[in-house]
A.B. asks: 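Next up is a structure, given as structure tokens.
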Amino acid sequence: MSKITYFLFSSLFFLVACQTSNDSNWSVTVLPLETQHSGMPNLFVNAEGAATLTWIEQPTDTFAVLKMAQLIDKSWTTSQTIAQGDNWFVNWADFPAFAQFPGSDSQMAAHWLQKRAAGTFDYDIRVAISEDDGQQWSDSFILHRDEIAAEHGFVTLLPIGEDRIFATWLDGRNTKTDSPEPSAEHGHGGGGAMTLRTAEFDAQGNLYEEAELDNRICDCCQTDAVITEHGPIIVYRDRSEQEIRDISVIRKVGGIWSDPQGIGSDHWQINGCPVNGPAIAAQGNRVAVAWFTMASDTPKVQVVFSQDNGASFGMPIQVDAGNPLGRVDIVFNEKDQVFVSYLEDSNENTQVRIVPVTQDGIVGPAIAEIPVEAARKSGFPILEKLKEGYLFAMTEVLEENTQVRTYLLQDMN
């Protein structure tokens, strides 16, 4: 794409985006980002409100580059390369995570998926660490110790304690058997079920607090987590022996992990992974979880609230407009509500809708409705809270490639 074409497209997109709000008090502004053949964005906002964007560029089908940029004065810095390789596993739904170590702007970690063996789904979670604000990155280490050529991914990274990063992920070490044939259920290997695991690591790559939290979960839905003053809370899509794939949470309280706790009780029975994970947000003792379900063949995006740090949850609140595709995210806003982002399909187009929701079940009009392709290439939009508004990232599907787009949402009251 030429610079002139890029300018015209960006200008047009800016105009479209600024007109997508149903509430005239909200401004939606495109934040220009120079990328090529890019997708799979993710956002991290530290305790001081500073934002970092990561994404993957694929100049060829076999070569991938993980990049990052930081938001300063509402502009992205020049991109920096975290890692690159020709033996990565790159998946539209399994995007890299990034986190800064507690109390440090310059010390950070990022992960990607790197193939271990010839099998399509045989790959490891590789983590690299930078001590100098992303200028240089260490040799990578593997987040798990099983040494099994199997699927490992869907990682969440968050700062925890004084000097560590908390991680949770889907771990397929038990899915492998001596049989070379893949499982008919999901094609990711025969044998046992996917598991949920966790660990912490320090800046030297040492692992701590390693644990298996659930020995049977859905195979390829994203994880999410928050760190509260009482400890971490993880949310994920569970999987019963009867193939019920509803949402569960696990909490660490007093240093001890709880048993999985189901929320919502959708009873969605499906014989394959829907690739549509949940999202979680926390503010004080309040926790909110958003997710997609198609139980009884009825698509819904739902939210539940907790007032006791995730020990119990209220009844689900349906927040969609009737035909959602899921791919949710959630943040608390300044009015003791949450904003939920998700994809909504219609006869005319598909949009990312961002709607406010109260704990009393009131769903307000969308503050933004941004056009998006329903295709897998558009990935999973990400929403984060800043001091001056809300930051939103998504993948725009163009005629010949894809392009990461970011937006600043601000209440003009």
A.B. asks: So, T195 side chain and D171 main chain: donor-acceptor pair closer than 3.5 Å or not?
C.D. replies: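 The answer is yes, because a donor-acceptor pair under 3.5 Å joins these two groups.
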A.B. asks: Hey, is the main chain of F44 close enough, under 3.5 Å, to the side chain of E384 for a donor-acceptor pair?
C.D. replies: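 No; judged by distance alone, with no hydrogens or angles, the pair does not exist.
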A.B. asks: Could you check whether D320 and Q318, counting side-chain N and O atoms only, form a donor-acceptor pair closer than 3.5 Å?
C.D. replies: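 There is such a pair between these side chains.
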A.B. asks: If only side-chain N and O atoms count, and only distance matters, is there a donor-acceptor pair under 3.5 Å linking S106 with E131?
C.D. replies: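 Short answer, no.
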A.B. asks: So, taking the atom named OH in Y390 and the one named CG in D329, what distance separates them when rounded to the nearest 0.5 Å?
C.D. replies: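 Between atom OH of Y390 and atom CG of D329 there are 13.0 Å.
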A.B. asks: Examine distances only and state if a side-chain atom of S130 and a backbone atom of Q136 form a donor-acceptor pair shorter than 3.5 Å.
C.D. replies: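 Looks like yes, one N/O pair under 3.5 Å.
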A.B. asks: How far apart are the C-alpha atoms of K74 and E388, what are their side-chain angles, what is the distance that settles it, and do they pass the salt bridge (Lys or Arg N to Asp or Glu O under 4.0 Å) test?
C.D. replies: CA-CA 9 Å; K74 300 181 182 180; E388 65 271 26; over 6 Å; no
A.B. asks: Enter the distance from R237:CZ to L196:CG here, rounded to the nearest 0.5 Å.
C.D. replies: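 Interatomic distance, R237 CZ to L196 CG, rounded to 0.5 Å: 14.0 Å.
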A.B. asks: Between K252 and I227, does the side-chain contact (heavy atoms from CB on, under 4.5 Å) criterion hold? Intermediate values first, please.
C.D. replies: CA-CA 10 Å; K252 192 175 188 180; I227 307 297; over 6 Å; no
A.B. asks: Do T223 and L170 make a side-chain contact, defined as non-hydrogen atoms from C-beta onward lying under 4.5 Å apart?
C.D. replies: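 T223 reaches L170 side chain to side chain.
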A.B. asks: For a 4.5 angstrom cut-off between non-hydrogen side-chain atoms, does F141 reach I129?
C.D. replies: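 Yes, at least one pair of side-chain atoms sits under 4.5 Å.
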A.B. asks: Under the 3.5 angstrom rule, does the side chain of S306 hit a backbone N or O of R286 as a donor-acceptor pair?
C.D. replies: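 No, because the side chain of S306 does not come within donor-acceptor range (under 3.5 Å) of the backbone of R286.
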A.B. asks: Any Lys/Arg nitrogen of E243 or R216 sitting under 4.0 Å from an Asp/Glu carboxylate oxygen of the other?
C.D. replies: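 Yes, charged N to carboxylate O under 4.0 Å.
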A.B. asks: Report yes if the side chains of W92 and V275 come closer than 4.5 Å at any heavy-atom pair, otherwise no.
C.D. replies: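 With C-beta onward as the side chain, the pair touches.
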A.B. asks: Closest heavy-atom contact between I56 and A64?
C.D. replies: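 Closest pair (atom of I56, atom of A64, distance): CG2-CB, 4.2 Å.
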A.B. asks: Kindly give the heavy-atom pair with the smallest separation between L113 and H152, and that separation in Å.
C.D. replies: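 Closest approach of L113 to H152, heavy atoms only: CD2-O, 3.4 Å.
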A.B. asks: Do H144 and W169 have side chains that get closer than 4.5 Å, going by heavy atoms?
C.D. replies: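 With C-beta onward as the side chain, the pair touches.
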A.B. asks: Does the N285 side chain pair with the main chain of Q307, one donor and one acceptor, at a distance under 3.5 Å?
C.D. replies: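 Looks like no, no N/O pair under 3.5 Å.
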A.B. asks: Between the main-chain N or O of S75 and the side-chain N or O of D73, is there a donor-acceptor pair closer than 3.5 Å?
C.D. replies: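 It does not hold such a pair.
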A.B. asks: Mark yes or no for whether H37, through its side chain, and T402, through its backbone, hold a donor-acceptor pair below 3.5 Å.
C.D. replies: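 Side chain of H37 to backbone of T402, a donor-acceptor pair under 3.5 Å: no, none is there.
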A.B. asks: Just by distance, do the side chain of N309 and the backbone of G231 share a donor-acceptor pair under 3.5 Å?
C.D. replies: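 Not at all, since once roles are kept as given, no pair shorter than 3.5 Å links the two residues.
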A.B. asks: Determine the minimum heavy-atom distance between E210 and A199, stating which atoms define it.
C.D. replies: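 Looking at all heavy atoms of both residues, the shortest contact is CG-CB, 3.8 Å.
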A.B. asks: Look at atom CG of D132 and say whether more than 12 heavy atoms of other residues, nucleotides or ligands are closer to it than 6.0 Å.
C.D. replies: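 Yes - once you tally the heavy atoms of other residues, nucleotides and ligands closer than 6.0 Å, there are more than 12.
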A.B. asks: Side-chain polar contacts of residues 297-305 - donor-acceptor pairs under 3.5 angstrom, sequence neighbours left out - could you list them?
C.D. replies:
| from | atom 1 | to | atom 2 | distance (Å) |
| --- | --- | --- | --- | --- |
| T298 | OG1 | S296 | O | 3.2 |
| Q302 | NE2 | D266 | OD1 | 2.9 |

A.B. asks: Start with the C-alpha gap between D214 and Y236, add the side-chain angles, then the distance that decides, and say whether side-chain contact (heavy atoms from CB on, under 4.5 Å) holds.
C.D. replies: CA-CA 10 Å; D214 192 330; Y236 62 101; 2.6 Å; yes
A.B. asks: About how many Å separate CE of M40 and CD of E57, when rounded to the nearest 0.5 Å?
C.D. replies: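 Atom-to-atom, E57:CD and M40:CE are 10.5 Å apart.
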A.B. asks: Given side-chain contact (heavy atoms from CB on, under 4.5 Å), test T198 with W257 step by step and report yes or no.
C.D. replies: CA-CA 10 Å; T198 183; W257 286 103; 4.0 Å; yes
A.B. asks: Out of curiosity, K387 NZ to E48 CD, how far, rounded to the nearest 0.5 Å?
C.D. replies: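 Atom-to-atom, K387:NZ and E48:CD are 7.0 Å apart.
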A.B. asks: Between Q107 and F101 (side chain of the first, backbone of the second, donor and acceptor by atom type, cut-off under 3.5 Å), is there such a pair?
C.D. replies: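 Not a single qualifying donor-acceptor pair exists.
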A.B. asks: Given side chains that start at C-beta, do those of K385 and F339 come closer than 4.5 Å, heavy atoms only?
C.D. replies: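 The answer is no; the side chains never approach within 4.5 Å.
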A.B. asks: Are the side chain of R327 and the backbone of G379 linked by a donor-acceptor contact shorter than 3.5 Å?
C.D. replies: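 Yes.
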A.B. asks: Considering residues at least two apart in sequence or located in another chain, which fulfil the side chain to side chain contact (heavy atoms under 4.5 Å, CB included) criterion with N413?
C.D. replies: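 Counting only residues at least two positions away or on another chain, N413 forms a side chain to side chain contact (heavy atoms under 4.5 Å, CB included) with N25, D411.
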A.B. asks: Of all the heavy-atom pairs spanning R353 and A366, show the shortest one and how long it is.
C.D. replies: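 Looks like NH2-CB, 3.7 Å.
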A.B. asks: Work out which heavy atom in I330 is nearest to a heavy atom in A281; give both atom names and the distance.
C.D. replies: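 Shortest heavy-atom separation between I330 and A281 comes out as O-CB, 3.7 Å.
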A.B. asks: Mind checking side chain to side chain contact (heavy atoms under 4.5 Å, CB included) for Q114 and listing every partner two or more places apart, or none if nothing turns up?
C.D. replies: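 Side chain to side chain contact (heavy atoms under 4.5 Å, CB included) list for Q114, sorted by chain: N87, W88, W112, R126.
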A.B. asks: If I take atom CD from residue Q261 and atom OG from residue S248, how far apart are they, to the nearest 0.5 angstrom?
C.D. replies: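 With rounding to 0.5 Å, CD (Q261) is 8.0 Å from OG (S248).
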A.B. asks: Is any side-chain heavy atom of N174 less than 4.5 Å from a side-chain heavy atom of E212?
C.D. replies: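 Yes, their side chains come closer than 4.5 Å.
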A.B. asks: Take a 6.0 Å sphere around CD of E348 and say whether it holds more than 12 heavy atoms from other residues, nucleotides or ligands.
C.D. replies: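 No.
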A.B. asks: To the nearest 0.5 Å, what is the distance between CZ (F63) and CD (Q58)?
C.D. replies: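 Answer for the CZ-CD pair, F63 versus Q58, is 10.5 Å.
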A.B. asks: Is there side-chain contact between L53 and P41, with at least one heavy-atom pair below 4.5 Å?
C.D. replies: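 A side-chain contact exists here, since the closest heavy-atom pair is under 4.5 Å.
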A.B. asks: Could you walk me through whether L409 and W26 pass the side-chain contact (heavy atoms from CB on, under 4.5 Å) check?
C.D. replies: CA-CA 7 Å; L409 286 67; W26 281 87; 4.2 Å; yes
A.B. asks: Less than 3.5 Å apart, any donor N or O on the side chain of T35 or W55 sitting next to an acceptor on the other?
C.D. replies: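 There is no such pair between these side chains.
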A.B. asks: Is any side-chain heavy atom of L158 closer than 4.5 Å to one of P232?
C.D. replies: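 No, side chains not in contact.
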A.B. asks: Give me the atom names and distance for the closest heavy-atom approach of V338 to A288.
C.D. replies: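 The pair with the smallest heavy-atom distance is CG1-CB, 3.8 Å.
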